[in-house]
Structure formats: C-alpha cells, structure tokens
Amino acid sequence: MYDVVIIGAGPGGYQAALEAGKQDLKTALIEEKKLGGTCLNVGCIPTKLFLGATEPIEEIKSLTRIRLGKGHFDLSVSALLKRKKNLISATQKAIAQTLKKFNIDIFQDKGIFENKTTLKLQKQNISLSFKNAIIATGTSERVIPGLEFDGNLILSSSQILELEDIPPTLAIIGSGPIGLELGQYFSRLGSKIMLIEALDRPAPLEDPDISKEIFKHLKKEKWELYFKSKVKKITIKDKRVFIHLENEIIEADKCLVAIGRLPNTKNIGLEKIDIATNKGFIPVDNYLKASKNIFAIGDVNGKAMLAHAAADQGEYVIRLIANKENSPYFPKTIPSCIYGFPEVISVGKKELDLKGQEYNITKVPLISNPIAQAHGLGNGFIKVIWQKKQVVGISAVGFRVSHLITLATIIVNQKWTKAQVREHIFAHPTLDESLKEALLQ
Ligand code: FAD
C-alpha cells in the first residue's frame with residue numbers, strides 16, 4: 001500500500017515525488033511518456049534553449065557598430081536539435097537518479113483509476129493500492145476541428161520543436177507566450193512570420209501598454225500581423241498551407257497552431273472515483289483536493305498553467321499529506337514571464353485586474369538603463385502598480401527583464417512601501433536600478 005501515488009511526472013508530479021521522498025512517504029510515480037513532462041520535453045526547456053542559442057542574432061542586429069556584411073547567419077539547426085536531445089536526456093537521468101535516491105518507485109506506464117484506493121497500470125497490468133493519489137497529468141495542445149495538426153505542414157508546438165529546415169514563411173495562430181516565443185526563434189533564423197490573433201493585440205493577457213511595446217518590436221522585425229482575425233479553416237494545396245480568415249487568405253510554408261492547451265483527463269478513470277471535470281479541468285477545493293484522498297495539481301486543475309505553479313502545488317500537497325501543513329493553499333502571487341525579445345514579466349495585480357478600483361502607477365522607460373544601453377536594447381519599461389501606498393503589482397517589458405522577476409515577486413508579496421525601497425542599495429549597473437527608480441518615482 002502506497003502512502004501516495006502520483007500520476008504524471010511533469011514539474012508538478014516530479015516535485016511532489018521529491019518532497020514525498022523527503023517526507024519518507026512510500027511513493028509511486030507513474031509516467032506514461034517521459035520524465036519531466038511538458039516542461040522539460042516540449043515546453044519551457046527546449047523553447048528557452050532555442051531562444052538562448054539565437055539571442056546573439058538579436059543583439060548583433062541591434063549593435064550598429066558591428067556590421068554583418070551580407071547579413072548571413074549560419075546556425076546549425078541540426079546541432080541545436082542534438083543539443084536539445086542531449087540536454088533533455090541528461091536532465092531525465094538526473095531526475096531519475098534523484099528520485100531513486102529518495103526511494104521513489106517510478107513506473108513507465110499509463111495510470112487509470114479503478115476505484116478510490118486502487119490505480120491500474122495499463123501496460124504492466126498491475127494494480128497499485130494507495131492511501132492518497134495526486135493527479136498531475138498536465139495538458140496537451142488544443143486542437144480545434146478544421147485546424148488538426150498533420151505533423152508536416154500544420155504543426156503543434158511540440159512538433160515544430162523538431163523542425164530541421166527553417167521554413168521561409170511561417171504562419172502562427174495564437175499570440176500568447178508560446179506563439180511569440182517560437183515566432184522569435186524562427187524569425188531570428190530567417191522565417192517571415194505571419195501572426196494571427198483573434199483578439200486585438202499580442203500577448204492579450206498582459207496590460208495593453210505591454211502589448212503595445214511588443215507590437216512595436218514585431219513591426220520592426222517585419223512580422224505580418226493580423227489581429228481581430230478568426231481562422232475559418234486551413235487548407236493545403238501543392239504542399240503549401242492556406243489559412244482562411246474572414247476576408248483574406250494567408251499562404252505559408254508551415255503553420256503553427258498555438259491556441260492553448262487542454263487538460264489530460266480523458267480515459268484515466270475519473271468516473272470510477274466520482275470526479276466530474278469542468279471544461280476538462282479537475283475542480284479542486286482550497287486544499288487542492290478533488291475528493292477526500294485525491295488531489296489534482298498543476299495544469300490539470302487549470303489554476304495556473306505554469307511550471308513553477310505546478311511544482312509549488314506538488315510540494316504543498318505532500319506537506320499536507322505528511323501533516324506538515326494544514327493551511328489552505330493561497331499563494332500570494334504567481335509570477336510569469338514571456339521570453340525572447342522583448343521579454344515580459346508580471347507579478348501581482350495588473351491594470352487589467354483593477355478596472356473600477358483606485359490605484360496609482362509609477363513607470364520608467366528602460367532607454368537610460370546602463371545595462372540595456374550597453375546591449376543597445378533600450379526599448380521597454382518597468383511599471384509599478386500601487387494601492388494605499390503599497391506595491392501591489394509589477395510588470396515590465398524589455399531586454400532581459402525576466403532577470404527582475406524574483407526581486408519583483410518579493411517586493412509585491414511583501415507589499416513594499418517607498419520607505420522599504422530606501423532601505424536597500426541596488427547594485428550598479430543593473431536592470432534592478434530601473435526597478436528602484438520606478439519604485440521611487
Ligand atoms: P505536465 O508537465 O504536462 O506533465 C504531465 C505529465 O503527465 C506528462 O508527462 C504526461 O505524459 C503524464 N501523464 C498524463 N496522463 C497520464 C497517465 N494517465 N498516466 C501516467 N502519466 C500521465 N511554463 C513556465 O512556467 N515557464 C515557461 O517558460 C514555459 N514555457 C512553455 C513553453 C511551451 C512551448 C509549452 C507548451 C509550455 C510552457 N510552459 C511554461 C508551461 C509548462 O510546461 C506547464 O505549466 C507545466 O509543464 C505543467 O506541469 P504539470 O506537472 O502540471 O504537467
């Protein structure tokens with residue numbers, strides 16, 4: 001009898017297993033595909049590897065003193081793909097070793113609930129009995145009828161990560177973080193990007209001033225931008241993709257569909273444990289419980305679709321099971337970043353959340369920041385949102401602003417006042433100085 005079985009070894013399940021090991025709980029971790037889940041295999045890690053590898057191209061373009069002659073870059077995509085493969089498998093080995101050190105039993109199989117205390121492993125045809133179960137099955141790419149992936153011309157975000165040939169033209173449907181980050185990578189390698197978004201701006205979950213800054217950059221990079229544009233259908237002719245909008249048809253070599261993700265909750269026996277989903281997601285209470293002894297963490301509960309949120313929830317639930325925690329789960333904030341150029345961060349409240357409420361804003365442009373200047377990438381700004389003279393939100397857009405996210409999170413979580421800001425010396429030259437300037441305006 002396991003104290004806890006964990007279904008899914010993404011950041012949520014893996015972190016839960018690690019914490020369970022530390023708490024000496026008898027634990028089984030079941031993973032159908034690969035250790036590391038979406039994040040390691042087809043998400044956070046490969047996308048950042050691609051962006052990191054191509055970032056010098058962005059910088060070279062912005063530094064007027066370096067000339068590129070005929071402007072020819074030569075990055076070996078096949079070497080990059082090999083590096084991705086090696087990095088992922090090395091990380092998987094490290095995960096497996098760490099879990100073994102903590103005596104976690106790892107099963108490579110699909111877990112399906114038989115009842116409220118037994119999980120069946122499909123391939124091995126064995127049943128594991130448990131006191132507690134954690135569902136950490138994550139999400140998969142959303143497919144909409146008529147826009148199905150074919151793995152060749154119409155690609156999901158996972159499939160496009162395997163592309164060796166850079167398409168001359170790439171249409172991207174969806175301008176959230178995934179569409180923007182992957183678009184940057186292909187754009188840096190020479191693809192002409194056509195970005196199609198149903199709403200009226202890029203990164204529509206961010207504040208409009210952030211979207212405006214991204215918009216300016218995309219225009220500069222000569223992306224073709226289609227906002228308020230709904231895709232009616234996609235057709236293929238002569239190995240080319242045709243994306244049909246209301247009033248026009250866009251033609252491209254390949255098309256990436258990045259319109260969100262849907263929870264992996266089908267065919268895992270939820271009906272056997274009396275758990276009903278809501279739009280596919282598993283509803284949970286304030287303790288992340290889906291029922292008395294069954295928890296749902298990470299993307300699958302739909303609370304926040306971010307790796308660090310999943311990991312934090314995993315750790316919390318294990319501490320609850322091990323009686324090391326008894327408070328409900330209310331994280332103060334969940335920081336988020338978009339990578340590429342410009343980078344975007346936001347933590348705490350956004351202006352979008354504060355409609356009808358009183359708040360103040362202080363904001364500085366990054367143009368005079370010495371680090372941004374040194375790299376010739378001074379576009380963007382840092383914005384601080386205040387309520388009752390306390391910081392309630394920070395967002396920023398620009399070069400490497402992701403480096404500010406943890407400092408910003410601490411400041412928002414602790415609701416700093418200006419007096420608290422003055423207690424600290426911020427090093428020079430750093431991006432942090434501009435955050436201080438924004439805080440003290
Ligand atoms: P997942 O990572 O999805 O893991 C779930 C695991 O469960 C999978 O391995 C799956 O195979 C397994 N599974 C499913 N069903 C079963 C079953 N029945 N039995 C056994 N195993 C099962 N987040 C960030 O915070 N930062 C980023 O920069 C970032 N970039 C991203 C880029 C892309 C392109 C994508 C797609 C996502 C990105 N994300 C990022 C989101 C991040 O990957 C997810 O939020 C995170 O992986 C969620 O973790 P999870 O543990 O909930 O689920």
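Count residues from 1 along the sequence.
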More than 12 heavy atoms from other groups under 6.0 Å of NZ on Lys415 | no
Is Arg188 salt-bridged to Glu55, cutoff N-O under 4.0 Å?
-> no
Plane angle bin for Phe341 and His217 - parallel if under 30°, tilted between 30 and 60°, otherwise perpendicular = perpendicular
Distance, nearest 0.5 Å, that separates OG1 of Thr417 from CD1 of Ile411 | 11.0 Å
Count the heavy atoms of every other residue, nucleotide or ligand shown that sit under 6.0 Å from CD of Glu358, and state whether that count exceeds 12.
-> no
Residues Lys230, Glu246: salt bridge by 4.0 Å N-O rule | no
Main-chain N/O of Ala438 paired to Gln441 side chain as donor or acceptor, under 3.5 Å = no
Between Lys84 and Glu162, does at least one N-O distance fall below 4.0 Å, as a salt bridge requires?
-> yes
Judged by modelled atom types alone, do Tyr2 and Asp105 share a side-chain donor-acceptor pair under 3.5 Å?
-> yes
Please say whether more than 12 non-hydrogen atoms of neighbouring residues, nucleotides or ligands are located less than 6.0 Å from NZ in Lys33.
-> no
Shortest non-hydrogen separation from Pro167 to Leu170 and the atoms involved = CG-CB, 4.2 Å
What one should report as the nearest heavy-atom pair of Leu119 and Phe130 is N-CE2, 3.7 Å
Within the distance-only criterion (no hydrogens, no angle test), does the side chain of Thr265 pair as donor or acceptor with the backbone N or O of Gly280 below 3.5 angstrom?
-> yes
Any side-chain heavy-atom pair from Ile160 and Lys254 closer than 4.5 angstrom?
-> no
May I ask you to decide if Val5's main-chain N or O and Lys131's side chain share a donor-acceptor pair within less than 3.5 Å?
-> no
Between Trp223 and Glu221, do the side chains contain an N or O donor and an N or O acceptor separated by less than 3.5 Å?
-> no
Does Lys48 NZ have over 12 foreign heavy atoms under 6.0 Å away?
-> yes
Main-chain N/O of Ile259 paired with Arg142 side-chain donor or acceptor, under 3.5 Å | yes
Short N-O contact, Lys383 and Glu213, less than 4.0 angstrom | no
Could you tell me whether the side chain of Asn278 and the main chain of Phe281 form a donor-acceptor pair under 3.5 Å?
-> no
Under 4.5 Å between any side-chain heavy atoms of Ile275 and Ile282, yes or no?
-> yes
Kindly give the heavy-atom pair with the smallest separation between Ala17 and Leu29, and that separation in Å.
-> CB-CD2, 4.1 Å
Give a yes or no on whether Lys418 atom NZ has more than 12 heavy-atom contacts from other residues, nucleotides or ligands under 6.0 Å away.
-> yes
Quick one: pull up CG in Leu306 and CD in Gln313 and give me the separation to the nearest 0.5 Å.
-> 10.0 Å
CA sep, side-chain torsions, deciding dist, call: Phe186, Leu163, side chain to side chain contact (heavy atoms under 4.5 Å, CB included) | CA-CA 10 Å; Phe186 284 99; Leu163 265 197; 4.1 Å; yes
Got a salt bridge between Glu19 and Arg319, using NZ or NE/NH1/NH2 to carboxylate O under 4.0 Å?
-> yes
If you measure only the distance, is there a donor-acceptor pair under 3.5 Å linking the side chains of Asn264 and Glu32?
-> no
Taking atom types as modelled, is there a side-chain donor on Ser158 or Glu141 under 3.5 Å from an acceptor on the other?
-> yes
In Å and rounded to the nearest 0.5 Å, what is the CD1 to CD1 distance from Ile250 to Ile173?
-> 8.5 Å
Would you check if Thr333 and Lys349 make a side-chain contact, meaning some heavy-atom pair closer than 4.5 Å?
-> no
Correct closest heavy-atom pair for Cys255 and Ile243 would be SG-CD1, 4.0 Å
Judged by modelled atom types alone, do Gln387 and Asn360 share a side-chain donor-acceptor pair under 3.5 Å?
-> no
Shortest non-hydrogen contact from Phe149 to Val143?
-> CE1-CG2, 3.5 Å
Does Asn41 use its side chain to pair, donor to acceptor, with the backbone of Gly37 at less than 3.5 Å?
-> yes
Neighbour count above 12 (heavy atom, 6.0 Å) for Arg83 CZ | no
For the residue pair Leu189 and Ile57, establish whether any side-chain heavy-atom pair is separated by less than 4.5 Å.
-> yes
Sub-3.5 Å donor-acceptor pair from the side chain of Glu433 to the main-chain atoms of Thr430, do we have one?
-> yes
Closest contact, heavy atoms only, Leu352 versus Glu206 = CD1-O, 3.4 Å
Distance-only polar pair, side chains of Tyr287 and Asn326, donor-acceptor under 3.5 Å | no
To the nearest 0.5 angstrom, please state how far the OH atom of Tyr226 sits from the CD atom of Glu248.
-> 5.0 Å
Is the closest side-chain heavy-atom distance between Val392 and Tyr359 below 4.5 Å?
-> no
The complete set of ring pair (Phe, Tyr, Trp, His ring centres under 6.0 Å) pairs with one or both residues in residues 379-399, sequence neighbours excluded, reads His375-Phe399
With a 3.5 Å cut-off and no angle check, do the side chains of Gln184 and Tyr339 form a donor-acceptor pair?
-> no
Any donor-acceptor pair under 3.5 Å linking the side chain of Glu325 with the backbone of Tyr316?
-> no
Is Asp3 reaching over with its side chain to a backbone N or O of Lys26, donor-acceptor style, under 3.5 angstrom?
-> yes
Spell out, as yes or no, whether a donor-acceptor pair under 3.5 Å connects the side chain of Asp207 to the backbone of Lys350.
-> no
Is there a side-chain contact between Ser395 and Val347 (heavy atoms, below 4.5 Å)?
-> no
Rounded to the nearest 0.5 Å, how far does CD1 of Ile30 lie from NZ of Lys110?
-> 13.0 Å
To the nearest 0.5 Å, how far apart are CG in Leu35 and CD1 in Ile95?
-> 6.0 Å
